[in-house]
Amino acid sequence: MNEDERFSVLTMFQTLKSKTSRLLDPVVQSEGITTLQSCVLAHLYRQDAAVGDISDLAVIDQANASSLCKKMEQEGFLTRTRQESDRRVVILSLTPKGRAAAERIQAKLNHYLELLGALPNDAKAELVRGYLAANQMLDYLFEQTKGE
């Protein structure tokens, strides 16, 4: 890999991160939360989940997921309940405040979905292929660099 390619990979990652933040931050900040917290709300809106599930969803370690969820509980977005059959497992559920915030965020994101839905089918398929390829590349890099 030459020097230009090295910088282009770095630029690609930073560009995707910056543009995603610029698009999503105003939507979630209106609820007083981060993009990561909004992902937790969206997941819990569909179903209750264990902290470990949130760890996997957010691609963060379990301790950070637990801290994130504790903060969201303190802010009134969710409840944490120990599972009766295994007290080590903490189940997360949305509060009415969390459910309402998730609904407001989704209503704002529906505009983006409408815009994407208006794209030609081949453009949508290309976007999906690009996402899957980038995700596969990142999984590969994580796997190859574990412990570094």
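Every heavy atom of this structure was used, including side-chain atoms; hydrogens, water molecules and symmetry mates were not.
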Check: Would M137 and L141 satisfy side-chain contact (heavy atoms from CB on, under 4.5 Å), going step by step from the backbone distance to the final call?
Finding: CA-CA 6 Å; M137 174 193 60; L141 290 173; 4.2 Å; yes
Straight-line distance of [X] [atom1] to [Y] [atom2], nearest 0.5 Å:
| X | Y | atom1 | atom2 | value |
| --- | --- | --- | --- | --- |
| D139 | Q144 | CG | CD | 11.5 Å |
| L109 | E114 | CG | CD | 11.5 Å |
| E126 | N121 | CD | CG | 13.0 Å |

Can you find a pair of side-chain heavy atoms, one from [X] and one from [Y], that are under 4.5 Å apart?
| X | Y | result |
| --- | --- | --- |
| Q37 | L68 | yes |
| L92 | F77 | no |
| T34 | V28 | no |
| I54 | H43 | yes |
| V90 | E73 | no |
| V40 | M72 | yes |
| S93 | R80 | no |
| Y140 | Q136 | no |

On a heavy-atom basis, which atom in [X] and which in [Y] lie closest, and how many Å separate them?
| X | Y | value |
| --- | --- | --- |
| E31 | A101 | OE1-CB, 3.6 Å |
| S30 | V27 | OG-O, 2.7 Å |
| A58 | L36 | CB-CD1, 3.3 Å |
| L78 | C69 | CD1-O, 3.5 Å |
| S21 | P26 | O-CD, 3.9 Å |

Check: For the hydrophobic clusters of this structure (ILVMFWY residues joined by side-chain heavy atoms under 4.5 Å, transitively), does one cluster hold both I91 and L44?
Finding: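 In one cluster: no.
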Checklist line | L23 reachable from F13 in the ILVMFWY side-chain graph, under 4.5 Å edges | finding: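 Different hydrophobic clusters.
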Note to self: If you apply the rule side-chain contact (heavy atoms from CB on, under 4.5 Å), what do you find for Y131 with N135, and how did you get there?
What the structure shows: CA-CA 6 Å; Y131 164 76; N135 198 43; 4.0 Å; yes
Margin query: Quick check on K71: does its NZ atom have over 12 non-hydrogen neighbours (other residues, nucleotides or ligands) under 6.0 Å away?
Written below: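 12 or below, so no.
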Check: Taking atom CD of Q83 as the centre, does the number of heavy atoms from other residues, nucleotides or ligands within less than 6.0 Å exceed 12?
Finding: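 Enclosed.
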Using only atom types and a distance under 3.5 Å, with no angle test, would you say the side chain of [X] pairs donor to acceptor with the backbone of [Y]?
| X | Y | result |
| --- | --- | --- |
| S55 | I60 | yes |
| S18 | T15 | no |
| T11 | S8 | no |
| Y112 | L24 | no |
| S66 | Q62 | no |
| D53 | A50 | yes |

Next item on the list: Begin from the C-alpha positions of Y45 and Q106 and carry the test side-chain contact (heavy atoms from CB on, under 4.5 Å) through to its verdict.
Entry: CA-CA 10 Å; Y45 188 81; Q106 187 56 56; over 6 Å; no
Item checked: Partner set under side chain to side chain contact (heavy atoms under 4.5 Å, CB included) for Q29, not counting sequence neighbours ->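 Scan of Q29 (side chain to side chain contact (heavy atoms under 4.5 Å, CB included), adjacent residues dropped) gives D25.
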Margin query: Assess the residue pair T79 and L94 against the criterion (side-chain contact (heavy atoms from CB on, under 4.5 Å)); give the C-alpha distance rounded to whole Å, side-chain angles, the decisive distance to 0.1 Å, and a yes or no.
Written below: CA-CA 6 Å; T79 59; L94 288 183; over 6 Å; no
